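So the structure is just underneath, and the comments pick up after that.
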Amino acid sequence: MEDSGKNASATGARAENDRRYWIISADSASDEVLVVGDEDSGVVPVFSFREEALLYLSYGVRKSGWTVSQRSEEEVVDLLCGPYSWTAGVALDPIPEFAGQDDALAFTTLGRREFLDDLLRSRFAAVAGFG
């Protein structure tokens with residue numbers, strides 16, 4: 001019985017520390033996500049709050065048919081290590097006025113590897129009980 005309590009609390013801690021992100025995608029289940037910039041310097045806009053993503057979608061995205069979808073840390077890692085491993089970085093909570101303005105977008109952009117390192121480091125610390 002004592003072991004199941006430990007497992008439950010570890011699972012609870014993991015779920016509690018599992019950050020959620022919002023991204024702009026072709027549809028809610030799609031792995032096709034919005035990339036700002038070109039193939040050499042493309043970045044994936046990633047948002048901490050749904051409202052920020054909706055605002056960016058309303059004012060900053062010129063394509064129709066895109067939607068805001070919630071993703072777990074694991075899903076974001078899968079995207080950035082899989083089909084979007086070619087991207088240069090992640091734009092964290094970019095504001096709509098910056099859409100398409102590469103110089104301004106640089107203020108909210110982290111390199112893809114840097115973002116993944118930070119994400120995985122904080123995830124490990126939370127699972128190990130350090131965070």
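Keep in mind the model is a prediction, meaning the values are calculated, not measured. What you see below is based on every heavy atom in this structure, not just the backbone, and it leaves out hydrogens, waters and symmetry mates. Just so you know, residue 1 is the first one in the sequence shown, and it goes up from there.
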Assess whether side-chain hydrogen bond (donor to acceptor under 3.5 Å, both in side chains) is satisfied between Ser30 and Ser25, documenting all intermediate values. CA-CA 6 Å; Ser30 177; Ser25 59; 5.8 Å; no
Applying side-chain contact (heavy atoms from CB on, under 4.5 Å) to Val43 and Val90, what does each step give before you reach the verdict? CA-CA 5 Å; Val43 296; Val90 171; over 6 Å; no
Under the criterion side-chain contact (heavy atoms from CB on, under 4.5 Å), I'd like the reasoning laid out for Trp22 against Asp93: C-alpha separation, chi angles, the key distance, then a yes or no. CA-CA 10 Å; Trp22 284 262; Asp93 301 319; over 6 Å; no
Pair Thr67-Asp27, side-chain hydrogen bond (donor to acceptor under 3.5 Å, both in side chains): steps then yes or no: CA-CA 6 Å; Thr67 188; Asp27 62 57; over 6 Å; no
Report the distance from atom [atom1] of [X] to atom [atom2] of [Y], rounding to the nearest 0.5 Å.
X	Y	atom1	atom2	result
Leu92	Glu52	CG	CD	10.0 Å
Leu55	Ile95	CG	CD1	9.0 Å
Glu74	Cys81	CD	SG	11.0 Å
Arg20	Glu75	CZ	CD	6.5 Å
Leu120	Arg113	CG	CZ	11.0 Å
Ile23	Leu57	CD1	CG	12.0 Å

[X] to [Y] - nearest heavy-atom pair and separation:
X	Y	result
Arg112	Ser85	NE-O, 3.1 Å
Gly42	Thr87	O-CB, 3.5 Å
Tyr56	Leu34	CE2-CD2, 4.0 Å
Tyr84	Asp31	CE1-O, 3.1 Å

Within the structure provided, determine whether Phe49 and Leu54 are in side-chain contact (heavy-atom separation under 4.5 Å).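 No, every pair of side-chain atoms sits at 4.5 Å or beyond.
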Could you label the plane-to-plane angle of the Tyr21 and Phe115 rings as parallel, tilted or perpendicular, counting under 30° as parallel and over 60° as perpendicular?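 The arrangement is perpendicular - the two ring planes meet at more than 60°.
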